[in-house]
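To keep things clear, I will list the structure first and then write my remarks on it.
None of the values given here were measured: they were computed from a predicted structure. Just so you know, these numbers use all the heavy atoms, side chains as well, and skip hydrogens, waters and symmetry mates.
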Amino acid sequence: MNRMHQLSLDEIQSRELSMMKMFVDLCERHGLTYWLGGGTLLGAVRHKGFIPWDDDIDLMMPRYDYDRLMKYADEIDSTGQYKLASYELGNLNYPFAKVYDTQTTIQKLYDEDETEKNLWIDIFPLDGMPDDEKEVEKIYFRTMLARRVLRLKQARSGEGKTKLKKALKPAAKLLLRPIPDAYLLKYIDENCRMYSIQESNYMGGIANGYGPWERMPKKPFLKPCTLEFEGMEVSAPGCWDYYLKRLFGDYMQLPPEDQRQTHNMIVWAPSEEADEVLHQGNME
């Protein structure tokens with residue numbers, strides 16, 4: 001049996017980059033549209049790669065191609081190293097998708113969920129949004145409330161960023177236990193799918209979006225654009241500057257060190273494989 005090696009941040013990023021390369025290749029072969037999103041898009045613009053302290057990759061897909069992606073789960077799984085998981089496939093307790101590196105094992109400090117045991121990259125669906133901004137706010141209010149309940153149900157008891165959160169978690173989890181995860185996920189998914197991109201003037205992430213300010217005008221968003229990320233040429237929203245300003249404000253300014261967020265996790269991989277993957281990632 002291989003000894004397990006705790007991965008450094010560089011090794012985590014190298015493995016995530018390998019997952020991203022596999023995913024981008026699959027999208028290009030099958031004509032699936034994807035874009036960099038969130039902190040990964042910010043990293044591409046500001047650093048031409050990972051934000052130095054970032055430990056994940058965020059990708060986005062229009063809902064119509066996100067649904068098509070589910071048909072290629074077996075192709076991803078057949079690699080023997082990667083696995084596609086999603087609410088739609090019934091193997092993920094989140095309202096979006098993840099690609100897992102099954103050769104790794106993780107432990108999050110503040111969260112625990114039986115469907116999240118490996119290092120991942122996130123795949124977020126984008127949906128249409130109404131013209132009425134008040135209706136947009138209502139959709140986000142409903143989905144973000146359900147997401148908070150779901151996240152609290154997944155929280156690790158006995159841990160918390162403050163003493164108050166640490167003390168209240170057990171009681172809150174007990175109170176919320178009767179609400180099935182499946183009900184919350186279905187509720188979020190139904191709200192996300194209320195408007196199609198094809199019939200809307202606006203689009204954005206709802207399933208795990210930042211909030212109403214993530215609503216983007218569809219036409220400039222869909223305009224073809226590529227950016228560099230760790231030596232790769234990858235797809236980005238045509239209105240990436242507008243997107244980043246809406247989400248992060250003056251995004252070229254580095255945040256204070258105490259606001260540089262990570263997922264507070266430990267990642268392990270078999271020792272002999274960890275060094276090989278890191279070497280390959282640096283050579284590519």
Verify the ring-centre separation between Phe96 and Tyr66: is it less than 6.0 angstrom?
no
How far does CG of Asn201 sit from CD1 of Ile197, to the nearest 0.5 angstrom?
12.5 Å
What closest approach, in Å, do Gly128 and Ser200 show between heavy atoms, and which atom pair accounts for it?
CA-OG, 3.7 Å
Can you measure from CG (Asp122) to CG (Asn208) and round to the nearest 0.5 angstrom?
7.0 Å
Any non-hydrogen side-chain atom of Phe248 less than 4.5 Å from a side-chain atom of Leu42?
yes
Would you call Leu222 and Trp35 a side-chain contact if the rule is heavy atoms closer than 4.5 Å?
yes
Side-chain touch Met22/Ile76, heavy atoms, less than 4.5 angstrom:
yes
Do Arg46 and Leu244 make a side-chain contact, defined as non-hydrogen atoms from C-beta onward lying under 4.5 Å apart?
no
More than 12 heavy atoms of other residues, nucleotides or ligands under 6.0 Å from CD of Glu257: yes or no?
no
Linking I/L/V/M/F/W/Y whenever any side-chain heavy atoms sit under 4.5 Å apart, do Leu89 and Leu69 land together?
yes
Electrostatic pair Lys218:Glu199 at N-O distance under 4.0 angstrom:
no
Within the 4.5 Å heavy-atom criterion, are Phe124 and Leu59 side-chain neighbours or not?
no
Full working for side chain to side chain contact (heavy atoms under 4.5 Å, CB included) between Arg15 and Gln103:
CA-CA 10 Å; Arg15 281 184 171 270; Gln103 294 181 353; 4.0 Å; yes
Are Ile139 and Phe141 linked, directly or through intermediate hydrophobic residues, by side-chain heavy-atom contacts shorter than 4.5 Å (ILVMFWY only)?
no
Can you label the angle between the His30 ring and the Tyr72 ring as parallel, tilted or perpendicular, going by 30° and 60°?
parallel
Here's one to test your reading of the geometry: is the NZ or CZ of Lys219 within 45 degrees of the ring axis of Phe221 and under 6.0 Å from its centre?
no
Between Arg29 and Asp25, is the side chain to side chain contact (heavy atoms under 4.5 Å, CB included) condition met? List the steps.
CA-CA 6 Å; Arg29 284 189 287 106; Asp25 178 68; 2.9 Å; yes
Which residue pairs pass the side-chain hydrogen bond (donor to acceptor under 3.5 Å, both in side chains) test when at least one of the two sits in residues 183-194, sequence neighbours left out?
Asp67-Arg193, Glu88-Arg193, Arg142-Asn191, Lys186-Glu190, Asp189-Arg193
Between Glu116 and Lys98, is a salt bridge (charged side-chain N to carboxylate O under 4.0 Å, His left out) present by the stated rule, with each step listed?
CA-CA 9 Å; Glu116 190 176 40; Lys98 291 176 180 282; 3.3 Å; yes
Between Asn118 and Trp120, does any side-chain donor sit less than 3.5 Å from a side-chain acceptor?
no
Could you state whether Met203 and Ile188 fall into the same hydrophobic cluster, counting links through intermediate Ile, Leu, Val, Met, Phe, Trp or Tyr residues with side-chain heavy atoms under 4.5 angstrom apart?
no
Rounded to the nearest 0.5 Å, what's the gap from OG on Ser235 to CD on Glu233? Could you check?
10.0 Å
Who are the side chain to side chain contact (heavy atoms under 4.5 Å, CB included) partners of Pro52, not counting sequence neighbours?
His47
Worked verdict on Arg246 versus Tyr210 for side chain to side chain contact (heavy atoms under 4.5 Å, CB included):
CA-CA 10 Å; Arg246 293 266 289 182; Tyr210 288 80; over 6 Å; no
Output the distance between atom CH2 (Trp268) and atom CG (Leu119), rounded to the nearest 0.5 Å.
12.0 Å
So with a 6.0 Å cut-off around CD of Glu133, is the heavy-atom count from everything else above 12?
no
Going by heavy atoms in the side chains, are Leu84 and Tyr100 under 4.5 Å from each other?
no
So how far is it from Asn93 CG to Thr115 OG1, rounded to the nearest 0.5 Å?
4.0 Å
Side chain to side chain contact (heavy atoms under 4.5 Å, CB included) evaluation trace for Leu227 with Leu41:
CA-CA 9 Å; Leu227 293 172; Leu41 177 58; 3.6 Å; yes
Within-4.5 Å side-chain heavy-atom neighbours: Tyr202 and Asp131
yes
If you draw the axis of the six-membered ring of Trp53, does the NZ or CZ of Arg260 fall within 45° of it and under 6.0 Å from the ring centre?
yes
Check: Glu230 and Phe50 side chains under 4.5 Å, non-hydrogen atoms
yes
